[in-house]
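A short write-up of the structure that comes next.
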Amino acid sequence: MNGVVRVAWRLGTAAVRGRAERPLSQEATGGAEGSGTEGGGGGSGSREAVERLVRAHPVVVFMKGSPAQPLCGFSNAVVQILRLHGVEDYRAHDVLQDPDLRQGIKNYSNWPTIPQVYLNGEFVGGCDILLQMHQNGDLVEELKKLGIRSALLDAEKDQDKK
């Protein structure tokens, strides 16, 4: 991984499975439990609640809107990049549905913008970082570490056969 991408990564531990959820790529809302302040409790913007969300699935995206209906160009770009790689099973949280979660995820990652992408509980970055990883091939490698085979590898094979 190159230096720019490495800067965006946060040190983390192995992902811990959270409560069972259907793939959020099919959900329209964040699915965060409760509401509260960003402080200690278990509100949707608390560090503990955000930690549970980022570790609940190997691929987690905090975005504006849903994968079916992104509400900003950057969120749409992240959805399109994941789609291009054939990643359909991921958790997507609509931060527009929950202002506490919107601020909580920014505080958690120390990253000021949405969307935010997490792989195996580790912060990757936003749209720009994911796009860079897609362009330089790092995303294929990172997905492989999660046991996800990028659809682009199959597309390359098909091109080679022609």
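If you read the sequence from its start, that first residue is 1, and numbering goes on from there.
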When rounded to the nearest 0.5 angstrom, what distance separates [atom1] in [X] from [atom2] in [Y]?
X: His134; Y: Glu142; atom1: NE2; atom2: CD; answer: 15.0 Å
X: Asp138; Y: Leu130; atom1: CG; atom2: CG; answer: 11.0 Å
X: Gln97; Y: Ser66; atom1: CD; atom2: OG; answer: 9.0 Å
X: Arg83; Y: Asn76; atom1: CZ; atom2: CG; answer: 8.0 Å
X: Leu139; Y: Lys144; atom1: CG; atom2: NZ; answer: 12.0 Å
X: His85; Y: Leu153; atom1: NE2; atom2: CG; answer: 9.0 Å

Quiz question: by atom type and distance under 3.5 Å, do the side chains of His93 and Asp98 form a donor-acceptor pair? no

Under 4.5 Å between any side-chain heavy atoms of [X] and [Y], yes or no?
X: Ile105; Y: Tyr118; value: yes
X: Pro67; Y: Val79; value: yes
X: Asn107; Y: Val50; value: no
X: Met133; Y: Glu141; value: no
X: Leu101; Y: Phe62; value: yes
X: Val60; Y: Val117; value: no

Working for side-chain contact (heavy atoms from CB on, under 4.5 Å), residues Ile148 and Val59: CA-CA 10 Å; Ile148 300 170; Val59 181; 3.9 Å; yes

I would like to know whether Ile114 and Lys106 meet side-chain contact (heavy atoms from CB on, under 4.5 Å); could you show each step before the answer? CA-CA 8 Å; Ile114 303 294; Lys106 291 177 182 182; 4.0 Å; yes

May I ask whether [X] and [Y] are part of the same hydrophobic cluster, defined by side-chain heavy atoms of I, L, V, M, F, W, Y residues being less than 4.5 angstrom apart, directly or through others?
X: Trp111; Y: Phe74; result: no
X: Val61; Y: Leu96; result: no
X: Leu131; Y: Leu143; result: yes

Check Val95 against Lys64 and note the closest heavy-atom contact, atom names and distance.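 Result for this residue pair: CG2-CG, 4.2 Å.
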
Nearest non-hydrogen partners of Pro115 and Val78, listed with the distance: CG-CG2, 3.6 Å

Which of these passes side-chain hydrogen bond (donor to acceptor under 3.5 Å, both in side chains) with Tyr108: Gln103, Arg47, Gln116, Glu51?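 By the side-chain hydrogen bond (donor to acceptor under 3.5 Å, both in side chains) criterion, Tyr108 pairs with just one of Gln103, Arg47, Gln116, Glu51: Glu51.
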
Donor-acceptor pair, side chain of Ser75 and main chain of Leu71, under 3.5 angstrom: no

